[in-house]
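These notes are about the structure you will find just below.
Not measured: the values here are computed from a predicted model.
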Amino acid sequence: MSEEFAWRTGRSCVFKNFSHLVFVTKYRRGALTEAMLIRLEEIFRETMEQMDGELLEFGGEDDHVHLMVSFPPRHAVANLVGKLKGKSSYFLRQEFWDEIKPKLWGAHFWSPSYCVVSCGGAPLDVVKAYVENQRQPKDLKHVKHSQKLLGRKRNPDMTWKPRKAK
């Protein structure tokens, strides 16, 4: 991004879409090392760029990682998480198998669950007030007036033509 947290544009939208993701290792086993965390950051950054997104922040411990990402709204969060977890699991198993094997077993590196929290933008109470205070439908007087005008024509000088007698 050219400026920090700038508005981004898609083909038919303008967006600021930030999410905080948390992935936990299977069985919450302490399988991650410092070298793995460094490699994970590289993998996540590359994957986000391939999906036209951006990894804004990354951090982790031996049993979980935190990511702050920005991504276009055309990607469902579940699909994004699937790509991030799938690719990272594949490469970690290839590159660090000897360290992972005694700590995890079976075919999975990550727990199937994840945490996602949207972040950025206005506080919820501000958004709620904005939505509640949207323009309300016109009162009955305005509705009846509009119905009277329905079907009437204007003169070239924009004055109303007289009603036809019924």
Side-chain angles (χ1 to χ4, degrees), residues 1-139 143:
M1 289 184 185
S2 58
E3 67 179 76
E4 191 170 328
F5 308 128
W7 285 94
R8 297 183 62 193
T9 58
R11 192 172 127 200
S12 60
C13 63
V14 177
F15 62 93
K16 277 188 183 184
N17 198 13
F18 302 113
S19 290
H20 174 200
L21 302 170
V22 181
F23 303 155
V24 178
T25 58
K26 187 76 172 178
Y27 313 113
R28 193 110 189 193
R29 300 292 300 261
L32 297 171
T33 64
E34 189 64 34
M36 287 183 209
L37 290 172
I38 291 168
R39 183 65 177 123
L40 276 173
E41 183 173 7
E42 294 168 358
I43 294 166
F44 290 147
R45 191 170 305 283
E46 176 185 307
T47 305
M48 289 304 301
E49 287 173 10
Q50 290 170 347
M51 296 182 75
D52 296 324
E54 185 175 7
L55 177 66
L56 301 170
E57 294 291 333
F58 175 82
E61 296 180 16
D62 64 341
D63 63 350
H64 70 282
V65 293
H66 292 262
L67 299 83
M68 183 175 165
V69 296
S70 172
F71 57 95
R74 71 175 176 269
H75 295 299
V77 174
N79 292 346
L80 178 78
V81 167
K83 294 226 192 261
L84 290 168
K85 284 177 146 186
K87 186 174 178 180
S88 62
S89 176
Y90 176 81
F91 281 106
L92 285 182
R93 287 176 168 280
Q94 278 194 330
E95 298 170 18
F96 298 97
W97 180 246
D98 292 336
E99 296 172 57
I100 294 171
K101 188 177 178 181
K103 296 177 182 172
L104 295 173
W105 56 91
H108 302 287
F109 182 82
W110 298 110
S111 165
S113 59
Y114 61 93
C115 173
V116 61
V117 179
S118 62
C119 48
L124 286 178
D125 56 342
V126 172
V127 175
K128 183 179 176 188
Y130 175 78
V131 171
E132 288 174 349
N133 293 321
Q134 289 298 297
R135 186 176 55 207
Q136 300 296 314
K138 301 290 183 194
D139 63 16
V143 171

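- Heavy atoms of other residues, nucleotides or ligands lying less than 6.0 angstrom from CD of Glu57 number 12 at most.
- Nearest approach of Ser88 to Trp110, heavy atoms of both residues: OG-NE1, 2.9 Å.
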Step by step, work out the side chain to side chain contact (heavy atoms under 4.5 Å, CB included) result for Asp52 and Arg74. CA-CA 10 Å; Asp52 296 324; Arg74 71 175 176 269; 2.3 Å; yes
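- Minimum interatomic distance between Thr33 and Glu99 (heavy atoms only, all atoms of both residues): CG2-OE1, 3.4 Å.
- Using a 4.0 Å cut-off between charged nitrogen and carboxylate oxygen, Arg45 and Glu49 do not count as a salt-bridge pair.
- The CG atom of Asn17 sits 6.5 Å away from the OG atom of Ser70 when rounded to the nearest 0.5 Å.
- You'll find the side chain of Met48 stays beyond 4.5 Å of the side chain of Leu67, heavy atoms only.
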In sequence, state the C-alpha distance, the side-chain angles, and the governing distance for Val81 and Val116, and then conclude on side chain to side chain contact (heavy atoms under 4.5 Å, CB included). CA-CA 9 Å; Val81 167; Val116 61; 5.8 Å; no
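- Proximity of Arg28 to His64: side-chain heavy atoms (C-beta onward) are separated by under 4.5 Å at one or more points.
- Atom OG1 in Thr25 sits 7.5 Å away from atom CG in Asp62 (nearest 0.5 Å).
- Considering all non-hydrogen atoms of both residues, His108 and Leu104 come closest at O-CD1, 4.4 Å.
- Under the 4.5 Å side-chain criterion, counting only non-hydrogen atoms from C-beta, Leu40 is in contact with Leu32.
- A heavy-atom distance below 4.5 Å is found between the side chains of Met36 and Ile100.
- Of all heavy-atom pairs between Pro112 and Lys26, the closest is CD-NZ, 3.9 Å.
- Residues passing the ring-ring contact (aromatic ring centres under 6.0 Å, His included) test with Tyr27, sequence neighbours excluded: Trp105.
- By the salt bridge (Lys or Arg N to Asp or Glu O under 4.0 Å) test, Glu46 pairs with Lys87, sequence neighbours left out.
- The two residues Ala78 and Tyr114 come nearest to each other via the heavy atoms CA-OH, 3.7 Å.
- In this view, Phe58 and Phe44 satisfy the ring-ring contact (aromatic ring centres under 6.0 Å, His included) rule, not counting sequence neighbours.
- The two residues Arg93 and Trp97 have their closest heavy-atom pair at NH1-CZ3, 2.8 Å.
- By the neighbour-count criterion of 12 heavy atoms within 6.0 Å, atom NE2 of His66 is densely surrounded, having more than that number from other residues, nucleotides or ligands.
- A distance of 7.0 Å separates CZ in Phe71 from CG in Leu21, rounded to the nearest 0.5 Å.
- Taken from NZ in Lys101 to CG in Asp98, the straight-line distance is 8.0 Å, to the nearest 0.5 Å.
- A salt bridge links Glu42 to Arg39: one of the charged nitrogens lies within less than 4.0 Å of a carboxylate oxygen.
- Under a 3.5 Å cut-off, the side chain of His75 and the backbone N or O of Met51 do form a donor-acceptor pair.
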